[in-house]
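Reading through the structure tokens given below for one structure.
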Amino acid sequence: MSNYIVLVKQVPDVTQITDNAFDLETGTLIRSRLVSVINELDSQALAFANQMRQDSGDKDSKIICLTMGPPMAEEVLRYGLSRCVDTAVLLTDRALGGADTVATANPLAFAVRRVVKEILNEDNDYYVVCGMQSVDGDTAQVPPQIAEELSRPCIAYVTKAEYKKNRFEFTRIISGGSQVVAAKKLPVVITVAKYEYPLFATFATTRHANRMEIVRWGSEDIKATHIGVSGSKTRVIRVFPPGKSTRKCRQVADAESLAGMLVACFKSGKDEAGQTSNDQASHYVLPGKRANKFYRSFEGTKKENEDFNILADILKELGISKISRIDDAAKEKILAAAGEHFHKRALDDMLNGLQLTEPSFSGEVWVVAEHSDSVIHPATFELIGKGRDLADSLGTKVGVCLAGCNAESMAKELIAAGADNIYIIDDELLSVFDPTAHRKAVADAISTYSPQIVLFAATAQGRMLAPMVSYRVGCGLTADCTGLDIRDSSRRGQIAILLQTRPALGGNVMATICTKNSKSQMATARPGVMKRLPPNDSRTGKVIKHKVQLSKADISLEIVKTELGTGDVNFNADVIVSGGKGMQSQDNYERLVGSLCDAIGKKLCAQVERGASRAAVEQGFVERMHQVGQTGTSVGPKLYIALGISGAIQHMIGVANTETIVAINSDPSAPILKQCDYYIVGTVEDTVPKLVQALEA
Ligand SMILES: Cc1cc2nc3c(=O)[nH]c(=O)nc-3n(C[C@H](O)[C@H](O)[C@H](O)COP(=O)(O)OP(=O)(O)OC[C@H]3O[C@@H](n4cnc5c(N)ncnc54)[C@H](O)[C@@H]3O)c2cc1C
């Protein structure tokens with residue numbers, strides 16, 4: 001009989017975000033202006049666990065709901081108790097506040113241990129079920145890190161569970177398709193990516209839930225090893241509003257006008273609005289190589305940076321070359337020259353910062369390669385491009401960690417893409433991706449060679465592997481970065497650190513984060529954002545073979561079935577017409593996408609290919625090989641036409657490099673309308689035939 005420990009979180013309702021929910025100065029969210037709700041994917045996880053309990057036929061198995069948060073987080077436990085939960089546990093303590101993912105996963109894992117000991121009477125036959133990610137954190141890091149702390153496997157991005165032969169088989173999302181897996185042994189942590197059968201409460205169950213006793217624990221009760229701000233390994237240094245979209249977001253009145261615009265955009269070549277600002281060159285120079293040794297590339301506010309520059313100029317003018325020689329009289333002179341710009345305390349702070357010239361981290365810049373069947377994932381090449389830029393600034397090398405079976409054949413391509421050293425861990429047991437075995441291999445290589453930066457692609461695989469590896473080697477990790485730059489943090493005693501910028505709260509704010517208390521700075525970066533370098537076959541590099549002791553016991557999952565979309569699809573076409581779930585049926589997809597492809601092909605004399613969202617593929621409208629997005633293919637045509645596609649981040653990542661994006665959607669508040677260049681609000685059934693007619697006219 002299995003039991004289920006479901007982790008839930010209380011989050012601000014980001015679907016209700018209005019402009020006044022943000023502090024315009026800092027870009028931070030004013031929590032009190034938003035209602036708090038249960039994280040949507042966690043409520044799906046609860047329903048999923050309940051379905052597992054029913055399917056297994058074990059009526060006596062228990063569902064325990066666990067949350068960590070302030071006392072008011074009790075509300076989400078009552079939500080669970082009114083639906084399917086038998087026992088609710090609230091982990092609440094001021095000491096737990098301000099935590100990053102490490103300092104969240106760690107106490108939660110310790111609380112799981114206590115649940116098992118005291119509520120499940122040491123019965124290790126249990127599943128930890130979590131939502132894939134929370135809407136406020138958006139990292140998907142906590143569940144794999146809990147698994148790592150518990151030394152258990154993690155099955156991430158699960159969409160379905162089937163009870164067969166006394167065990168569960170889970171369908172999960174992977175790059176390029178889906179996979180059915182089973183855990184070799186319980187307990188196991190699973191994360192739910194989608195489960196659309198919500199549970200409802202009745203008056204009676206709500207009354208019952210309100211009377212139920214909740215178990216309350218503080219940090220002393222669980223004896224966790226990393227808690228709160230001090231146990232965190234990352235620090236948010238800046239929160240700011242996201243820049244305006246570079247897309248035009250222009251509504252078009254009718255299909256005739258849209259037809260004209262399609263032709264004009266296609267003929268005019270690169271549409272300025274369609275450019276993404278991906279060029280993230282850091283242009284960082286180490287202090288020892290700067291024209292004025294007192295110049296700092298400081299990560300602070302504009303004013304702080306100006307102050308540093310003014311001070312550097314004054315020091316030069318006064319002929320001061322050694323900070324240690326600055327006495328009170330010299331300080332007076334500096335302050336007199338600075339006038340109103342800064343006062344004594346700020347000067348002391350800056351002078352302390354200027355004493356530092358040595359980089360805070362040392363070692364290579366590493367990229368962890370992702371590959372399947374000897375084909376390297378395009379995101380790996382993008383990361384090598386970015387890694388090259390960072391390594392050149394830091395005066396170090398780019399290393400690629402390549403774990404697989406017969407992997408050496410890929411080394412040449414990685415070197416041509418910009419890598420210097422390829423660290424190969426070759427083992428039969430690494431022939432297909434297993435989170436536990438790959439984590440062991442990669443973590444071992446990182447511990448041996450101590451790179452200063454480690455980058456993973458924010459793909460389905462990378463977003464699971466990176467949290468496990470970083471937790472294992474005791475380093476901080478930032479998820480889904482869209483910006484990576486080297487800067488100094490002189491005031492905080494750090495030189496040449498990696499600033500990791502990422503969208504948070506569903507893209508409503510941007511946060512810049514840096515790593516602390518770690519040997520390496522680790523990040524996952526969104527595919528399609530960093531730039532791949534043109535391959536240079538004349539580049540040379542070194543292959544270093546690293547041996548890791550692996551045994552069959554390191555394989556945690558049995559792969560039952562893998563379904564990948566492969567076939568003849570020309571995603572290099574000039575135009576891609578994609579259909580989403582809004583196409584409603586396979587017939588509609590065939591008829592509407594097909595006729596629009598034909599009409600555009602004829603009118604523009606261009607190659608046109610069919611694409612689809614993941615939801616459309618899952619509905620069976622079209623083969624998986626047509627899927628565009630994070631776990632499908634990333635495309636960059638001149639023109640991308642999205643029919644009945646909502647604009648989920650996982651889809652839009654795959655079209656970031658498109659010149660012009662056009663959307664037809666019946667919902668005026670569909671997210672895609674804020675991420676495209678031209679759109680029509682209308683049904684595809686009504687609009688597409690008119691558009692085809694106008695193109696044919
Ligand atoms: C790990 C992971 C990886 C993923 N990878 C991918 C990926 O690679 N690619 C991908 O696409 N998704 C991916 N997803 C799924 C993604 O999160 C979304 O669920 C998916 O993109 C939604 O597809 P959709 O827009 O077609 O469907 P929906 O979100 O259901 O949107 C349908 C849209 O159609 C509109 N509509 C409905 N009827 C009509 C009509 N008659 N006429 C016009 N418009 C209509 C609606 O207003 C709505 O906006 C991934 C998810 C996870 C968790």
Side-chain angles (χ1 to χ4, degrees), residues 40-41 44-45 131-133 135 138-140 143-144 155-160 171-179 191-196 377-379 457-464 479-480 506 524 526-528 564-565 571 576 578-585 587-589 591-593 596 611-622 624-635 640-656 662-676 679-691:
E40 169 58 26
L41 279 167
Q44 294 185 18
M132 171 187 86
Q133 61 192 38
V135 289
D138 258 359
T139 67
I155 307 178
Y157 305 122
V158 169
T159 55
K160 193 168 145 197
T171 305
R172 63 171 178 170
I173 295 173
I174 58 165
S175 291
S178 65
Q179 193 170 58
T191 82
V192 177
K194 191 179 77 181
Y195 187 69
E196 289 168 339
H377 195 288
T459 53
Q461 183 173 311
R463 286 177 109 225
M464 172 158 64
D480 300 337
T524 66
R526 272 204 183 147
L564 292 176
F571 274 141
I576 295 172
S578 274
K581 198 170 166 189
M583 300 305 294
Q584 314 284 355
S585 67
D587 264 7
N588 271 357
Y589 181 95
R591 191 167 51 83
L592 300 174
V593 175
L596 189 53
S613 70
R614 184 169 189 112
V617 170
E618 279 166 2
Q619 295 289 311
F621 298 171
V622 63
R624 189 171 296 280
M625 60 196 172
H626 289 272
Q627 184 187 319
V628 170
Q630 184 189 337
T631 46
T633 306
S634 289
V635 297
Y640 185 80
I641 305 180
L643 307 177
I645 292 178
S646 59
I649 181 67
Q650 294 92 350
H651 186 82
M652 299 314 286
I653 280 174
V655 298
V662 173
I664 298 175
N665 198 301
S666 55
D667 177 3
S669 57
I672 197 165
L673 306 187
K674 290 194 177 141
Q675 305 171 69
C676 69
Y679 64 89
I680 284 190
V681 175
T683 65
V684 287
E685 296 89 335
D686 182 45
T687 314
V688 174
K690 288 182 187 157
L691 183 58

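What's counted below: heavy atoms across the whole structure, side chains too, no hydrogens, waters or symmetry copies. In each ligand, atom 1 is the first atom listed, and ligand 1 is the first ligand listed.
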Nearest non-hydrogen atom to [atom] belongs to which of [options]?
atom                    : options          : value
atom 22 (C) of ligand 1 : A140, A615, G644 : A615
atom 27 (O) of ligand 1 : K581, R614, Q133 : K581
atom 35 (C) of ligand 1 : N665, I649, I664 : N665
atom 44 (N) of ligand 1 : G647, S666, A648 : S666

Show the atoms of ligand 1 that are less than 4.0 angstrom away from any heavy atom in [X].
X    : answer
A193 : 53 (C)
G632 : 8 (O)
D667 : 47 (O)
Q630 : 7 (C), 8 (O)
G580 : 26 (O)
M132 : 53 (C)

Closest protein heavy atom (residue, atom, distance) for [atom]:
atom                    : answer
atom 41 (N) of ligand 1 : E685 OE1, 3.0 Å
atom 42 (N) of ligand 1 : V684 N, 2.9 Å
atom 14 (N) of ligand 1 : Q650 CB, 3.6 Å
atom 25 (O) of ligand 1 : S646 N, 2.7 Å
atom 37 (C) of ligand 1 : G582 CA, 3.5 Å
atom 7 (C) of ligand 1  : Q627 NE2, 3.1 Å
atom 5 (N) of ligand 1  : T631 OG1, 2.6 Å
atom 1 (C) of ligand 1  : Y157 CD2, 3.5 Å

Problem set entry | R591 bridged to D587 by N-O distance under 4.0 Å | no

Exercise. Between E618 and K194, does at least one N-O distance fall below 4.0 Å, as a salt bridge requires?
Worked result: yes

For ligand 1, which part of [X] has a heavy atom less than 4.0 Å away: the side chain, the backbone, both, or neither?
X    : result
S613 : both
I173 : side chain
Q584 : side chain

Exercise. Just one of Q461, R463, R172 clears the side-chain hydrogen bond (donor to acceptor under 3.5 Å, both in side chains) bar with Y157, so which one?
Worked result: R463

For this session: Indicate yes or no: does an N/O atom of A612 lie under 3.5 Å from an N/O atom of ligand 1?
Result: no

Exercise. Under 3.5 Å between some N or O of ligand 1 and some N or O of T683?
Worked result: no

Exercise. Are any non-hydrogen protein atoms located under 4.0 Å from atom 9 (N) of ligand 1?
Worked result: yes

What's the spacing between [X] [atom1] and [Y] [atom2] if we round to 0.5 Å?
X    : Y    : atom1 : atom2 : value
I680 : S666 : CD1   : OG    : 13.0 Å
D138 : D480 : CG    : CG    : 7.0 Å
I672 : M652 : CD1   : CE    : 4.0 Å

Seminar exercise, completed: Those residues at least two apart in sequence (or on a different chain) that pass ring pair (Phe, Tyr, Trp, His ring centres under 6.0 Å) with Y195 are F48, Y197

For this session: Name all residues meeting the salt bridge (Lys or Arg N to Asp or Glu O under 4.0 Å) criterion together with R624; count only those two or more places apart in sequence or in a different chain, and write none if there are none.
Result: E563

Problem set entry | Parallel, tilted or perpendicular, as decided by the 30° and 60° cut-offs, for the rings of H626 and F571 | perpendicular

Exercise. Does G682 come within less than 4.0 angstrom of ligand 1, counting non-hydrogen atoms of the residue?
Worked result: yes

For this session: Could you tell me whether ligand 1 has any atom less than 4.0 Å away from a heavy atom of V628?
Result: yes

For this session: State which residue, out of I174, I173, I155, fulfils the side-chain contact (heavy atoms from CB on, under 4.5 Å) condition with Q179.
Result: I174

